[in-house]
Amino acid sequence: MTHTISKVLSANDTGENGAHQAGILIPKDKTILSFFPALQKQMKNPRCSLVFTDTDGVTRWKFDFIYYNNKFYGGTRNEYRLTGMTAYIRSMKLEAGDSIELTKDENGRLHITAKRQQSAEEENGVLKLSTTWKVIRIPL
DNA sequence: AGCCATGCACCG
DNA sequence: CGGTGCATGGCT
């Protein structure tokens, strides 16, 4: 049984807003979280190193899945993150709006795919076609 | 809940 | 000493 999830990158994720942060946020959605290994909620900031294989089937990317839960230890955090992704994001030249797809195959192996956002020109092209052309009358 | 932002430690 | 990223706080 494979499991695939995807995330649209925010400006903060890609570093476009100057944030020197190395990871993306993982929503606390059961179907999303179940993709990742369970972390020890009873310890502070538990983490797990994960290796994803790129689409070429050769390149490996190591990310860290971390549960920042210091809210239960006197802090304010209670969120999941996947850190250490800047090398990947840069090599793929990903920008806010682009997305990444994470897949876990039958053998539990992890794969990552970069999904580039449709360009504005392409969107305009589609829009132009759909709004410029109309069916006036259908032949009998 | 999710994105924005940063102090400081670390490292070349 | 400038860049990077962890860990964390802030804002909407």
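Proteins come first, then strands; the chains are lettered A, B, ... in the order of their sequence lines, and each starts at number 1. From a predicted model like this one, the values you see are computed outputs, not experimental measurements.
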How close do A:Leu39 and A:Ile66 get, heavy atom to heavy atom, and via which atoms?
-> CD1-C, 4.2 Å
Phosphate contact (C:dT4 OP1 or OP2) by A:Arg90 side-chain N/O below 4.0 Å = yes
Got a donor-acceptor pair under 3.5 Å from the side chain of A:Arg77 to the base of C:dG10?
-> yes
So do the side chains of A:Phe63 and A:Tyr88 get within less than 4.5 Å of each other, counting heavy atoms only?
-> yes
Using heavy atoms to find the nearest nucleotide of DNA chain C for A:Gly74 and A:Gly84 separately, return the residue whose nucleotide is more 5′.
-> A:Gly84
Picking from C:dC6, B:dG2, B:dC3, which would you name as closest to the side chain of A:Tyr68?
-> C:dC6
Rounded off to whole Å, could you give me the CD1-to-P distance for the A:Ile26 and B:dG2 pair?
-> 10 Å
Nearest-angstrom distance from the residue atom NZ of A:Lys7 to C1' of B:dA1 | 12 Å
Distance-only polar pair, side chains of A:Asn12 and A:Ser10, donor-acceptor under 3.5 Å | no
Grab the CG-C1' distance between A:Leu25 and C:dG5 for me, whole Å please.
-> 16 Å
In plain terms, say whether A:Lys93 and A:Glu95 are close enough for a salt bridge, that is, a side-chain N and a carboxylate O under 4.0 Å apart.
-> no
Are OP1 or OP2 of C:dA7 and a side-chain N or O of A:Asn69 less than 4.0 angstrom apart?
-> no
Heavy-atom closest contact (A:Leu94 atom, A:Ala114 atom, distance) = CD2-CB, 3.9 Å
Does A:Thr83 have a side-chain nitrogen or oxygen under 4.0 Å from the phosphate oxygens OP1 or OP2 of C:dG5?
-> no
Short side-chain N/O contact to C:dG5 OP1/OP2 from A:Thr86, under 4.0 Å = yes
Would you mind reading off the distance between A:Gln21 atom CD and C:dA7 atom C1', rounded to a whole angstrom?
-> 10 Å
Think A:Lys44 has a side-chain N or O under 4.0 angstrom from the OP1 or OP2 of C:dC6?
-> no
Could you give the NE2-to-P distance, from A:His20 to B:dC11, as a whole number of Å?
-> 18 Å
Provide, to the nearest angstrom, the distance between the CE atom belonging to A:Met85 and the C1' atom belonging to B:dC3.
-> 16 Å
Output for pair (A:Asp98 CG, A:Lys115 NZ), nearest 0.5 Å, gives 12.0 Å
Of the candidates B:dC3, C:dG9, B:dG2, the side chain of A:Asn12 sits closest to B:dC3
Hey, is the side chain of A:Thr76 poking within less than 4.0 Å of OP1 or OP2 on C:dT8, counting only N and O atoms?
-> no
If only side-chain N and O atoms of A:Asn78 are considered, is one of them under 4.0 Å from the OP1 or OP2 phosphate oxygen of C:dT8?
-> no
Phosphate-side-chain proximity, A:Asn70 and C:dT8, N/O vs OP1/OP2 below 4.0 Å | yes
Just checking A:Arg81: base, sugar-phosphate only, or nothing, at a heavy-atom cut-off of under 4.0 Å?
-> base
Under 4.0 Å between a side-chain N or O of A:Ser10 and OP1 or OP2 of B:dG2?
-> no
Whole-Å distance separating the CD1 atom of A:Ile24 from the P atom of B:dG2 = 12 Å
Spacing between A:Asn17 atom CG and C:dC11 atom P, to the nearest angstrom = 16 Å
